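It should be emphasised that the depicted structure is a prediction, and the values quoted were computed from it without experimental measurement.
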Amino acid sequence: MGSVQKPGRLDGETGNATVRALAVIVVAVIFGLSFIAIAQVHRQVQSAQTGLDMAALAGAQTLIDSYGSSAPDSPCQVAADVAARNGLSLSTCTVAGLDILTTSNIATRAGPFAVNFTVKSRAGADENSSFAIVAH
């Protein structure tokens, strides 16, 4: 005697709900891990931006404090020191009038991928006030 097949069920479709559920779980895990990697990169870039802003503000304060001095301190050296204390190295530092412009390149990882970013900051005297230090 042969096997009896239950009505409404095809032999080749047994277990397909398990395969679909597994596929949904795999996709959800991939999206979750991608979100975590992107969030980590965003946090690292924001942290680098904050450190560079502090460096530019310190350099601008030094520039303003030594304005008109016969032996002015180097605002770029001060900015580089503050950046180093925040784990950054300055790529460029430019003094333009009473403003200081800084950039730093950072390398980070997003999961298995290496990602490079350039962060920039500008600080100096406010246009409306001769010696108020602001980050732009």
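- Separation of atoms NZ (Lys120) and CG (Leu101) is listed at 10.0 Å; rounding is to 0.5 Å.
- The two atoms that bring Val78 and Ala58 nearest to each other are CG1-O, 3.8 Å, heavy atoms only.
- Cluster partners of Phe31, using a side-chain heavy-atom cutoff of under 4.5 Å among ILVMFWY residues and allowing indirect links, are Val27.
- For Arg43, there are no side chain to side chain contact (heavy atoms under 4.5 Å, CB included) partners, not counting sequence neighbours.
- Listed by chain and number, the residues in a side chain to side chain donor-acceptor pair (under 3.5 Å) with Ser47 amount to none (sequence neighbours excluded).
- Residue pairs meeting the disulfide bond (SG atoms under 2.5 Å apart) criterion with at least one member in residues 78-115, sequence neighbours excluded: Cys76-Cys93.
- The two atoms that bring Val95 and Pro75 nearest to each other are CG2-CG, 3.8 Å, heavy atoms only.
- Taking CG from Leu90 and OG from Ser104, the interatomic distance works out to 6.5 Å, rounded to the nearest 0.5 Å.
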task: Could you check Leu52 against Asn86 for side chain to side chain contact (heavy atoms under 4.5 Å, CB included), going step by step and ending with a plain yes or no?
output: CA-CA 8 Å; Leu52 192 63; Asn86 285 290; over 6 Å; no

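- Listed by chain and number, the residues in a side chain to side chain donor-acceptor pair (under 3.5 Å) with Asp81 are Gln77 (sequence neighbours excluded).
- For Ser91, the side chain to side chain donor-acceptor pair (under 3.5 Å) criterion is met by Asn105, not counting sequence neighbours.
- Across all their heavy atoms, Ala56 and Ile100 have their closest contact at O-CG2, 3.1 Å.
- Linking Ile, Leu, Val, Met, Phe, Trp and Tyr whenever their side-chain heavy atoms come within less than 4.5 Å leaves Val82 and Ile64 in two separate clusters.
- By the side chain to side chain donor-acceptor pair (under 3.5 Å) test, Thr103 is found to be paired with Thr92, residues two or more places apart in sequence or in another chain being considered.
- Contacts of Val45 classified as side chain to side chain contact (heavy atoms under 4.5 Å, CB included), with partners at least two apart in sequence or in another chain: Val41, Ile106, Phe117, Val119.
- For Ser34, the side chain to side chain contact (heavy atoms under 4.5 Å, CB included) partners at least two apart in sequence or on another chain are Ile30.
- Smallest separation of non-hydrogen atoms from Ala107 and Asn116: CB-OD1, 3.2 Å.
- To the nearest 0.5 Å, the span separating CG on Leu88 from CE on Met54 amounts to 8.5 Å.
- From Gln46, atom CD reaches atom CG of Asp53 across 9.5 Å, with rounding to the nearest 0.5 Å.
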